[in-house]
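Down below is the structure, laid out as structure tokens.
Because the structure is predicted, anything quoted here is derived from the model rather than measured.
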Amino acid sequence: MSTRDLVLAALFAAIIVALGLLPPIYLGFIPVPITAQSLGVMMAGVVLGARRSAVAVLIVLVLVAIGLPVLSGGRGGFAAFVAPTSGFLIGWAFAAFATGFLSERLVHSDQSGLVQTVSFFLAAMIGGIVVLYAFGILYLAFAANIGLTQAFVGSMAFIPGDVIKAFVAALVGRAVMVGYPLLPVRI
Ligand SMILES: O=C(O)CCCC[C@@H]1SC[C@@H]2NC(=O)N[C@@H]21
């Protein structure tokens, strides 16, 4: 990883942290908030690709671990890793990697703009929802002792917002690819 790659990863770590300035929304029936920060995770994946986006999330996780209040609602510290939300938090690194991995393979420079946008959207949906929820729901069921079905059903409340985030991430991925290509894609 070059210095430039690290700078890009740090930039997206800052974007993820900045999105944490938007307050979390608790729904009352599940101890996991709606947060804009998962939009930053998807955007990192589509813009930077697998490795650099995973590093971006790892930088955020290190900031959390050393106690900085970088999660939505000003949360931080080791407690964030032993909370009902921790599966989602750790899952962000895998979600970013999967989103980037799929973006690098699904998006080609000779595709039309529409196909590229749809490809980014699919990558963000699979990485930022399927992969992320697998981590989040499994750990939530265990940590909150609520059973897999309840954790799964409760997490479905995040789907509408996360589909919108995947769409926004796809538009960002496509726009950055046109204006300042960073994603290593097949020609
Ligand atoms: O702040 C944290 O400790 C992690 C929050 C995780 C929230 C998850 S990410 C996927 C889903 N979509 C949301 O908006 N919230 C949950």
Side-chain angles (χ1 to χ4, degrees), residues 1-20 35-66 68 70-72 76 78 80-81 85-111 113 115-139 158 162-187:
M1 183 157 293
S2 65
T3 306
R4 181 170 179 269
D5 288 338
L6 278 175
V7 169
L8 290 168
L11 172 64
F12 271 82
I15 290 172
I16 294 169
V17 170
L19 286 168
T35 170
Q37 291 188 291
S38 54
L39 168 62
V41 172
M42 293 183 198
M43 288 198 303
V46 297
V47 171
L48 298 182
R51 284 172 59 246
R52 292 176 298 191
S53 64
V55 172
V57 173
L58 289 176
I59 292 171
V60 175
L61 296 184
V62 168
L63 298 179
V64 173
I66 63 174
L68 296 184
V70 293
L71 294 175
S72 60
F78 186 71
F81 293 99
T85 46
S86 306
F88 287 103
L89 188 61
I90 302 288
W92 281 353
F94 296 91
F97 187 91
T99 302
F101 181 89
L102 290 170
S103 298
E104 288 168 17
R105 280 153 188 83
L106 293 176
V107 180
H108 303 152
S109 51
D110 59 355
Q111 290 166 333
V115 172
Q116 286 179 342
T117 306
V118 170
S119 302
F120 277 130
F121 178 67
L122 282 177
M125 288 282 290
I126 296 170
I129 297 183
V130 178
V131 172
L132 177 58
Y133 283 40
F135 284 88
I137 290 171
L138 280 176
Y139 189 78
F158 301 125
D162 285 349
V163 171
I164 294 171
K165 290 175 202 166
F167 182 65
V168 172
L171 294 179
V172 170
R174 158 79 185 148
V176 175
M177 195 169 162
V178 171
Y180 192 77
L182 292 166
L183 190 72
V185 296
R186 229 179 49 197
I187 311 289

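- Checked against side-chain hydrogen bond (donor to acceptor under 3.5 Å, both in side chains), Tyr133 has the following partners two or more places apart in sequence or in another chain: Asp162.
- Leu19 contributes atom CG, which lies 7.5 Å from atom OG1 of Thr35 (distance to the nearest 0.5 angstrom).
- Applying the side chain to side chain donor-acceptor pair (under 3.5 Å) rule to pairs touching residues 36-50 yields Ser38-Lys165, sequence neighbours excluded.
- Listed by first and then second residue, the salt bridge (charged side-chain N to carboxylate O under 4.0 Å, His left out) pairs involving residues 170-182 amount to none (not counting sequence neighbours).
- Every pair tested for salt bridge (charged side-chain N to carboxylate O under 4.0 Å, His left out) that includes a residue from residues 89-102 fails, sequence neighbours excluded, so the list is empty.
- For the side chain to side chain donor-acceptor pair (under 3.5 Å) condition, no pair includes a residue of residues 120-131, sequence neighbours left out.
- Within 6.0 Å of atom CZ in Phe101, 12 or fewer heavy atoms from other residues, nucleotides or ligands are found, so the atom counts as exposed in its surroundings.
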Using distance only, find each side-chain donor-acceptor pair of residues 40-58 under 3.5 Å and give its atom names and separation, not counting sequence neighbours.
| unit_1 | atom_1 | unit_2 | atom_2 | d |
| --- | --- | --- | --- | --- |
| Arg52 | NE | Leu48 | O | 3.1 |
| Arg52 | NH1 | Asp5 | OD1 | 3.0 |
| Arg52 | NH2 | Leu48 | O | 3.0 |
| Arg52 | NH2 | Leu182 | O | 2.5 |
| Ser53 | OG | Gly49 | O | 2.6 |
| Ser53 | OG | Ala50 | O | 3.1 |
| Ser53 | OG | Ala96 | O | 3.1 |

Going by atom type alone, with no hydrogens or angles, which donor-acceptor pairs under 3.5 Å involve a side-chain atom of residues 117-129 and a protein atom two or more places apart or on another chain?
| unit_1 | atom_1 | unit_2 | atom_2 | d |
| --- | --- | --- | --- | --- |
| Thr117 | OG1 | Gly113 | O | 2.8 |
| Ser119 | OG | Val115 | O | 2.7 |

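- Residues satisfying the side-chain hydrogen bond (donor to acceptor under 3.5 Å, both in side chains) criterion with Thr85, sequence neighbours excluded, are absent altogether.
- For the pair Gln116 (side chain) and Ala170 (backbone), a donor-acceptor distance under 3.5 Å is absent.
- Under the salt bridge (charged side-chain N to carboxylate O under 4.0 Å, His left out) criterion, no residue pair touches residues 6-17, with sequence neighbours excluded.
- To the nearest 0.5 Å, the span separating CD1 on Ile66 from CG on Leu61 amounts to 12.0 Å.
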Which atom pairs, one a donor and one an acceptor, fall under 3.5 Å between side chains of residues 86-95 and the rest of the protein, sequence neighbours left out?
| unit_1 | atom_1 | unit_2 | atom_2 | d |
| --- | --- | --- | --- | --- |
| Ser86 | OG | Ala80 | O | 2.9 |
| Ser86 | OG | Phe81 | O | 3.2 |
| Ser86 | OG | Val82 | N | 3.2 |
| Ser86 | OG | Ala83 | N | 2.7 |
| Ser86 | OG | Ala83 | O | 2.7 |

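- Pairs engaging residues 9-20 under the side chain to side chain donor-acceptor pair (under 3.5 Å) rule: none recorded [sequence neighbours left out].
- In this structure, the separation between CG on Leu132 and CD1 on Ile137 is 9.0 Å, given to the nearest 0.5 Å.
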